Amino acid sequence: MTVRVRFAPSPTGFLHVGGLRTALFNWLFAQKMGGTFILRLEDTDQKRYTPGGVRAIVEGLQWLGLQWNEGPDKASLRQMQGDEDWAGAPDVGGPYGPYIQSLKVKRHQAAAQELIEKGMAYRCDCTAERLAQVREGQKARKEQTRYDRHCRFKQPGEVDPNQPHVVRLAVPLEGSTTVHDLIRGEITVDYSQLDDFVILKSDGFPTYHLAAMVDDHDMQITHVLRGDEWLPSLPRHYLIYQAFGWEPPAFAHLPVILNPSGKGKMSKRKATSADAVFVTEFRDEGYLPEALRNFLALVGWAPGSGNEQEIFALDELIQLFSLAHVNPAPAAFSYDKLDWMNGMYIRALPADELAKRIYPFLIKAGVEVDTERLLKITPDIQERLVTLSDAVEATDFLFVEDVSPNPVQLIGKGLTKESTLAILKQAEQIIDAFEPFEAEPLELAFRSAAEAAGMKPGPFFTPMRVAVTGKAVSPPLFGSIVALGREKTIARLKNAQQLLAG
RNA sequence: GGCCCAUUCGUCUAGCGGACUAGGACGCCGCCCUCUCAAGGCGGAGAUCGCGGGUUCGAACCCCGCAUGGGCCA
């Protein structure tokens, strides 16, 4: 049997890193097993739907390179609440559609009906007031609050199907069930812990429990890899499969991702405002998708067996991935390590490719980019970038008319105004006619100049650096000068001299 | 409150009964390299394997309690 897995997010408007990680593991597992990766939109809970939610999911997955084999087509996307439709909308489709939960409500209702007929579920018309009363009585007696199964033993027809009611699953009154998790092993739960939970709400919509199980079955899902927060409801899900007489898929519950502090689930509210949580934020801050993907693969998973590698090409990741090496313990999200990894990926990029990726970040920052200069400086800033957006600050001096050096920085440590002026003047003269106008020969020339002046290169270069780039910390000086061009360099050297003299 | 899951350096992890003087990575510290900043190289500190009991000739590894953290439900 071929493996079929699914990623089934709610279109809430954002794709959270936790969700992305779940998607990644599903995708990796599918690739590894030569299986099918399915995208399904779980939009049944109307409250959680926000316009643009589908888009956030689609773009997030595509950005990371997680293409699905089956999923919503354009027509059903258009039918969906909110009339989701945009130019880049995916049109994947597949034989087990629709892949949008709200479009299957009829199917879910029929499924509930089927269970009623089988005697595995029943209609319940208990009012909210009665339910509250029962709950309070239980509280007063310090019992577990749960539905008291009042309607379970009513005569057939006693609950009017045409009046508002819910449908509840008839949970076995005694005994226990053993559920299996691929990561944690067997878990036994006593039926007395479960109550007759609702599978169809009074508005006719299915609950998650019913809808997801029916859809998983309809789509012939073989492995459910989902967040660990679903583990407590696994017994209910087994019960639903049993009620229908279906064979349940294999389940694997992935550990949650915790805040960097390790306290509490990773969330926007708990994270420092600067910390990214949503996929779009990582993208906009200049993380490379391949770096985030590599990093995310390592939260909760490691190749194991003595393999200490951490940077993986995609095909290696697929090759090595295994559920057996998923760590069941929750893991804190380390921005430090992500930063390091992003830097590794940036340095591994060919320079022209890097320049291409940097370009949109400069444009977005309002920079008037001179492509030729960008191309020239890229190799010099490559090992200095943590994220792509760092390039804005690293290259700003190249794309403005003038810089405004700070006189205090201009006169470096151990220098005077006079000696600084002399250095700038000399620099101007050397650069004026220097050939070839390339970083290495320039550097050699200036090194001999420094030596002739009886100075170490560092202090000698400082006034030039500040004059040309406007700051004390910059990319390598001669690469910067070459990228800027002879004319502008000389103008800035003159400018700095004027600044000091005046 | 009930139930479920988890627990190895600050963090991510390797480890599946003897190979552990517990390995690697991020971060941190130091040195080297060096035109600033990085990157890179080398080295260092950092874990009585949450605690207590068992099982065993032998336990980070198996079992039981407890504690703590997390999650779900209310």
Side-chain angles (χ1 to χ4, degrees), chain A residues 18 131-132 135-136 138-139 142-147 179 181 183-185 187-190 192-195 197 208 227-236 253-266 294-311 324-344 346-348 379-386 390 393-394 409 412-413 439 442-443 446-447 449-450 455-466 468-469 471-481:
Chain A
L131 259 21
R135 205 172 7 245
E136 257 159 58
Q138 287 167 334
K139 260 191 193 163
K142 301 211 158 130
E143 290 171 10
Q144 270 305 291
T145 55
R146 50 155 52 102
Y147 180 60
V179 298
D181 177 82
I183 296 168
R184 283 153 240 268
I187 302 159
T188 298
V189 177
D190 209 288
S192 66
Q193 297 300 328
L194 271 29
D195 68 354
F197 57 96
Y208 170 84
D228 174 297
E229 66 269 23
W230 294 108
L231 191 56
S233 41
L234 184 55
R236 289 193 180 87
H253 292 85
L254 309 173
V256 286
I257 302 182
L258 268 24
N259 272 317
S261 66
K263 304 235 177 263
K265 204 158 53 154
M266 180 100 169
N294 193 149
F295 175 78
L296 245 25
L298 252 19
V299 2
W301 174 85
S305 321
N307 185 341
E308 287 172 343
Q309 186 180 353
E310 302 217 75
I311 305 280
H325 282 108
V326 173
N327 186 153
F333 189 100
S334 169
Y335 288 97
D336 280 339
K337 190 151 185 173
L338 205 215
D339 282 349
W340 164 76
M341 195 168 277
N342 205 52
M344 294 292 280
I346 284 179
R347 273 166 252 137
D380 278 338
I381 61 170
Q382 185 154 21
E383 60 204 29
R384 279 156 249 269
L385 301 180
V386 171
D390 288 345
E393 206 188 319
Q409 286 185 340
K413 243 170 98 181
L442 272 171
E443 178 172 347
F446 277 96
R447 281 182 184 280
M455 289 184 66
K456 293 208 159 213
F460 191 81
F461 296 168
T462 297
M464 297 169 59
R465 178 191 312 285
V466 177
V468 173
T469 68
K471 39 196 180 186
V473 174
S474 78
L477 220 209
F478 303 100
S480 299
I481 286 174

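We name chains A, B, ... by the order of the sequence lines, and we start the count at 1 in each one. What you are looking at is a predicted structure, and each value in this text was computed from that prediction instead of being measured.
- Taking the centre of each ring, A:Tyr335 and A:Phe295 stay at or above the 6.0 Å mark.
- Look at the C1' atom in both B:U13 and B:A60: the space between them is 14 Å, to the nearest Å.
- Comparing B:C28 with B:U11, their P atoms are spaced 16 Å from each other, to the whole Å.
- Among the nucleotides B:U11, B:G2, B:A38, the one closest to any side-chain atom of A:Glu383 is B:A38.
- Atom CD of A:Gln144 and atom C1' of B:C3 are 8 Å apart (whole Å).
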Between protein and nucleotides 42-46 of chain B, what N or O pairs are separated by less than 3.5 Å?
none

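- Checked against salt bridge (Lys or Arg N to Asp or Glu O under 4.0 Å), A:Arg184 has the following partners two or more places apart in sequence or in another chain: A:Asp181, A:Asp228.
- Nucleic acid contact for A:Pro475: base, since at least one base atom lies under 4.0 Å from a heavy atom of the residue.
- Taking atom C1' in both B:A45 and B:G27, one finds a spacing of 13 Å when rounded to whole Å.
- The salt bridge (Lys or Arg N to Asp or Glu O under 4.0 Å) test applied to A:Lys471 returns A:Asp396, not counting sequence neighbours.
- For B:A67 and B:G40, the P atoms lie 46 Å apart once the distance is rounded to whole Å.
- Listed by chain and residue number, nothing satisfies the side chain to side chain donor-acceptor pair (under 3.5 Å) test with A:Asp380 (two or more places apart in sequence, or in another chain).
- B:A74 sits 15 Å from B:C4 when the C1' atoms are compared, rounded to a whole Å.
- Nucleotides B:A47 and B:U8 are separated by 7 Å at their C1' atoms, to the nearest Å.
- In terms of position along RNA chain B, the nucleotide closest to A:Met344 lies nearer the 5' end than the nucleotide closest to the other residue of the pair A:Arg135 and A:Met344.
- Among the heavy atoms of the strands, none lies under 4.0 Å from A:Gly343.
- Side chain of A:Asp390 to main chain of A:Leu385: no donor-acceptor pair is present (N/O by atom type, distance under 3.5 Å, no hydrogens or angles).
- Going from the P atom of B:C5 to that of B:C64 covers 11 Å, rounded to whole Å.
- Nucleotide B:A60 forms a pair with no other nucleotide shown, judged by Watson-Crick or G-U wobble geometry with both contacts under 3.5 Å.
- In this structure, NZ of A:Lys263 is placed 13 Å from C1' of B:U11, rounded to the nearest angstrom.
- Within the 4.5 Å cutoff, the side chain of A:Gln144 has no heavy atoms near those of the A:Asp195 side chain.
- In this entry the distance linking CG of A:Leu298 with C1' of B:A14 reads 12 Å, nearest Å.
- Among the protein residues, A:Ser474 comes within range of the nucleic acid bases, having at least one heavy atom under 4.0 Å from a base atom.
- Taking the ring pair (Phe, Tyr, Trp, His ring centres under 6.0 Å) definition, one finds that A:Trp340 meets it with nothing, sequence neighbours left out.
- Under the Watson-Crick or G-U wobble criterion, with both distances below 3.5 Å, B:G46 is left unpaired in every strand shown.
- Rounded to an integer number of Å, the gap from CZ of A:Phe197 to P of B:C3 is 19 Å.
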Give every pair of a protein N or O atom and an N or O atom of nucleotides 4-6 of chain B that lie under 3.5 Å apart, one pair per line with the distance.
residue, atom, partner, partner atom, Å
B:C5, O2', A:Arg184, NH1, 2.7

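- Every residue two or more places apart in sequence or in another chain was checked for a side chain to side chain donor-acceptor pair (under 3.5 Å) with A:Arg236, and none qualifies.
- The pairing partner recorded for B:C20 is none, the criterion being a Watson-Crick or G-U wobble arrangement whose two distances lie under 3.5 angstrom.
- Of all nucleotides present, only B:G41 satisfies the Watson-Crick or G-U wobble test against B:C31, with each distance under 3.5 Å.
- With rounding to whole Å, A:Gln138 atom CD is found 13 Å from B:C73 atom C1'.
- Looking at heavy-atom distances under 4.0 Å, A:Leu477 makes contact with a base.
- Rounding to whole angstrom units, CG of residue A:Asn307 and P of B:G15 are separated by 10 Å.
- Using Watson-Crick or G-U wobble geometry with both donor-acceptor distances under 3.5 Å, B:U11 finds its partner in B:A25.
- Shown here, B:U55 forms no base pair; nothing in the strands shown gives a Watson-Crick or G-U wobble contact with both key distances under 3.5 Å.
- The phosphate of B:G15 (OP1 or OP2) has a side-chain N or O of A:His325 nearer than 4.0 angstrom.
- Straight-line distance between the C1' atoms of B:G17 and B:C49: roughly 15 Å, to the nearest whole Å.
- RNA chain B is contacted by both A:Ala331 and A:Pro459; A:Ala331 maps to the nucleotide lying nearer its 5′ end (nearest heavy atom per residue).
- Taking CD from A:Gln309 and CG from A:Leu298, the interatomic distance works out to 9.5 Å, rounded to the nearest 0.5 Å.
- Protein atom OH of A:Tyr147 is 18 Å distant from nucleotide atom C1' of B:C73, rounded to whole Å.
- Using a 4.0 Å heavy-atom distance criterion, A:Arg146 is classed as making no nucleic acid contact.
- In this view, A:Phe460 satisfies the ring pair (Phe, Tyr, Trp, His ring centres under 6.0 Å) rule with no residue, not counting sequence neighbours.
- In this structure, the nucleotide among B:C37, B:G1, B:C12 sitting nearest to the side chain of A:Arg384 is B:C37.
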Report task. Sugar-phosphate means primed atoms, P, OP1 and OP2; the rest is base. With that split, encode nucleotides 22-29 of chain B 5' to 3' as B, S or - using protein heavy atoms under 4.0 Å. Result -> -BSBSS--
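- Residues passing the side chain to side chain contact (heavy atoms under 4.5 Å, CB included) test with A:Gln409 are A:Asn406, A:Val466, A:Ala472, sequence neighbours excluded.
- With a cut-off of 3.5 Å on both pairing distances, the Watson-Crick or G-U wobble partner of B:U68 is B:A6.
- Between A:Lys265 and B:C72 there is a side-chain N or O to OP1 or OP2 distance below 4.0 Å.
- Atom CZ of A:Arg465 and atom P of B:U34 are 15 Å apart (whole Å).
- Contacts of A:Asn327 classified as side chain to side chain donor-acceptor pair (under 3.5 Å), with partners at least two apart in sequence or in another chain: none.
- No side-chain heavy atom of A:Gln193 sits under 4.5 Å from any side-chain heavy atom of A:Pro232.
- In this structure, A:Ala329 and A:Pro255 approach most closely via the heavy-atom pair O-CB, 3.3 Å.
- Under the side chain to side chain donor-acceptor pair (under 3.5 Å) criterion, A:Ser192 pairs with A:Asp190, sequence neighbours left out.
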